[in-house]
Amino acid sequence: MDKMNSTEAGVAGMIQHRACALVGLLGNPSDVYFGKTISFSLGNFWASVKLEPSHHLVIKPHPTHDLVQFNSLDHLIESDYFGYINNSKVYQLESVGYYGGVRPLMAICKVFDKHCKDNNINLQQGNFTLSYDTNIPRQVELQIANTRNFNIWFTLVIFQTGLSGSSAIGCAALSCLLDFYKVRHLIKVQVRPNLTLSAEVELGIVAGLQDRVAQVYGGLVHMDFSKENMDKLGHGIYTPMDISLLPPLHVIYAENPSDSGKVHSTVRQRWLNGDEFIISSMTEVANIAEGQSVILEKNYPKLAELMNRNFDLRRRMFGDECLGALNIEMVEVARRVGAASKFTGSGGAVVVFCPDGPSQVKLLEDVCQKAGFIIQPIQLVPSCLNNVDLKTLSN
């Protein structure tokens with residue numbers, strides 16, 4: 001999945017890297033509560049970043065996700081028409097130019113530079129041009145703004161919640177920077193997810209390390225974010241696993257998910273306040289990731305049970321209003337045919353396991369089609385770490 005030091009199209013010195021979307025299989029969202037998770041790379045969806053040496057440092061907008069050229073003012077406004085919500089037309093003006101991939105690219109450059117300066121890592125002179133591409137679906141979250149005496153409908157379009165699109169762009173870009181400046185051996189693999197997360201914090205994105213770990217490592221990874229590890233090391237303990245241990249899985253998502261819910265809601269604050277229900281429930285979610293042995297033993301019926309339990313606990317903590325009706329329906333559609341299902345991340349997409357095999361998959365495909373959901377077999381990809389990366393792990 002990774003393209004390193006590529007010279008495609010005869011361009012000497014071009015570097016290209018790809019980072020996949022991720023699936024939180026067990027334990028999420030306990031990664032931001034000193035818990036444990038098991039996640040893997042989702043090969044169906046990816047972000048690719050290309051770095052080419054150039055006279056000036058240039059961040060190139062994407063022709064679709066960062067659209068900046070229009071035929072007219074009307075085209076600027078109406079070309080991103082989304083549909084009707086509550087009998088009103090809704091447009092996606094802010095899906096282009098404001099919340100595409102340029103901001104993540106700029107943020108990771110800033111964070112990378114600061115990390116190198118803080119750690120006395122000298123960077124060679126030279127500029128480059130960064131560009132990106134992605135096929136990760138996007139999600140629409142509707143908001144209403146009140147300005148003086150009238151309401152304005154507007155939309156904020158981000159890369160698909162639960163598939164970690166912005167972090168995929170940042171992760172792929174970081175790999176390009178490591179190779180361009182020839183410092184891959186100086187920045188440990190364990191630290192790189194922190195850099196990607198820091199770049200997203202720069203953009204005001206609230207998230208945990210799980211997604212970034214999965215994208216930096218690739219493949220299947222068990223993650224321990226215990227407070228002791230985080231305080232002592234500044235990162236968790238990350239253990240790669242054999243991706244071939246997983247059974248056939250599917251991903252379900254909605255093409256235009258207008259009801260995404262309010263991710264995380266008040267749960268974080270309640271946890272900080274010492275709410276016993278939230279603390280005990282989140283601990284139980286983290287313990288589900290001890291299902292590492294279940295995967296190693298290929299105990300798939302137990303895996304299905306753990307997946308369902310993971311979502312049920314999340315639903316109890318966050319509530320239906322927070323999770324969103326559409327997100328819940330994607331889970332319920334799968335369960336109606338006896339499949340195990342849960343969010344891939346914070347909502348917007350669902351990972352499904354059909355323990356009864358192909359006949360159950362066919363039933364699932366039929367109900368998804370009737371419900372208007374998209375379903376795809378999950379493409380598993382191995383670890384993307386190379387020999388240099390592995391040496392930093394051993395050190």
Side-chain angles (χ1 to χ4, degrees), residues 1-22 41-69 97 100-117 121-136 159 164-189 191-193 195-196 199-200 212 214-219 379 381-392:
M1 299 303 295
D2 223 12
K3 297 180 180 178
M4 296 182 53
N5 299 315
S6 172
T7 56
E8 291 180 4
V11 180
M14 185 181 79
I15 301 167
Q16 187 168 357
H17 282 282
R18 175 181 289 190
C20 292
L22 95 327
S41 299
L42 176 61
N44 306 57
F45 303 114
W46 46 263
S48 176
V49 174
K50 183 167 64 176
L51 182 153
E52 300 172 272
S54 57
H55 184 64
H56 296 286
L57 200 159
V58 180
I59 309 293
K60 291 179 67 173
H62 191 278
T64 301
H65 305 305
D66 303 288
L67 191 60
V68 292
Q69 180 174 319
V102 168
R103 294 163 73 248
L105 290 176
M106 295 176 70
I108 194 64
C109 287
K110 176 183 177 181
V111 168
F112 171 78
D113 178 69
K114 183 179 186 302
H115 177 82
C116 290
K117 288 177 178 175
I121 299 174
N122 295 321
L123 301 179
Q124 66 186 24
Q125 294 297 310
N127 287 324
F128 52 83
T129 296
L130 281 180
S131 59
Y132 79 97
D133 192 16
T134 181
N135 71 343
I136 296 177
F159 291 104
S164 300
S166 60
S167 64
I169 293 172
C171 179
L174 177 59
S175 282
C176 289
L177 294 172
L178 293 174
D179 289 338
F180 177 74
Y181 287 107
K182 298 179 174 60
V183 295
R184 181 173 288 272
H185 64 295
L186 297 177
I187 301 180
K188 292 184 177 182
V189 173
V191 174
R192 296 175 199 170
L195 299 182
T196 308
E200 294 186 88
R212 290 91 205 150
Q215 289 167 333
V216 167
Y217 280 70
Q379 299 171 21
V381 294
S383 172
C384 58
L385 300 180
N386 61 29
N387 290 334
V388 177
D389 298 325
L390 295 175
K391 285 181 180 178
T392 73

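Because the structure is a prediction, the values reported are computed rather than measured. This chain uses plain numbering: 1 for the first residue, then up along the sequence.
- In terms of heavy-atom proximity, Ala21 sits nearest to Ile136 at CB-CD1, 4.3 Å.
- When all heavy atoms are compared, the tightest approach of Leu105 to Ile108 is O-CG2, 3.2 Å.
- The line from SG of Cys384 to CZ of Arg18 is 12.0 Å long, rounded to the nearest 0.5 Å.
- The two residues Leu123 and Asp113 come nearest to each other via the heavy atoms CD1-OD1, 4.3 Å.
- A distance of 5.0 Å separates CG of Asn135 from CH2 of Trp46, quoted to the nearest 0.5 Å.
- To the nearest 0.5 Å, atom CD1 of residue Ile187 and atom CZ of residue Arg192 are 7.0 Å apart.
- Residues Phe128 and Cys109 form a side-chain contact, since some pair of their non-hydrogen atoms from C-beta on lies under 4.5 Å apart.
- Residues Asp389 and Val216 fail the side-chain proximity criterion, which asks for heavy atoms closer than 4.5 Å.
- No side-chain N or O of Gln215 forms a donor-acceptor pair with one of Thr196 less than 3.5 Å apart.
- Closest of all the heavy-atom pairs between Cys20 and Ala168 is O-CB, 4.2 Å.
- Residue Val49 is tested with Asp133, Leu174, Leu130 for a side chain to side chain contact (heavy atoms under 4.5 Å, CB included); the sole match is Leu130.
- Looking at Ser41, its side chain never comes within 3.5 Å of a backbone N or O of Gly43 through a donor-acceptor pair.
- Within the model, atoms OG1 of Thr392 and CG of Leu178 stand 9.5 Å from one another, a figure rounded to the nearest 0.5 Å.
- The shortest distance between side-chain heavy atoms of Val111 and Lys114 does not fall below 4.5 Å.
- The line from CD1 of Ile121 to OH of Tyr181 is 13.0 Å long, rounded to the nearest 0.5 Å.
- Between Tyr132 and His62, the ring planes lie tilted relative to each other; the angle falls in the 30° to 60° range.
- The distance from atom OG of Ser383 to atom CG of Leu390, rounded to the nearest 0.5 Å, is 7.0 Å.
- Remark: side-chain polar atoms of Asn127 are paired, donor with acceptor, to backbone N or O of His55 under 3.5 angstrom.
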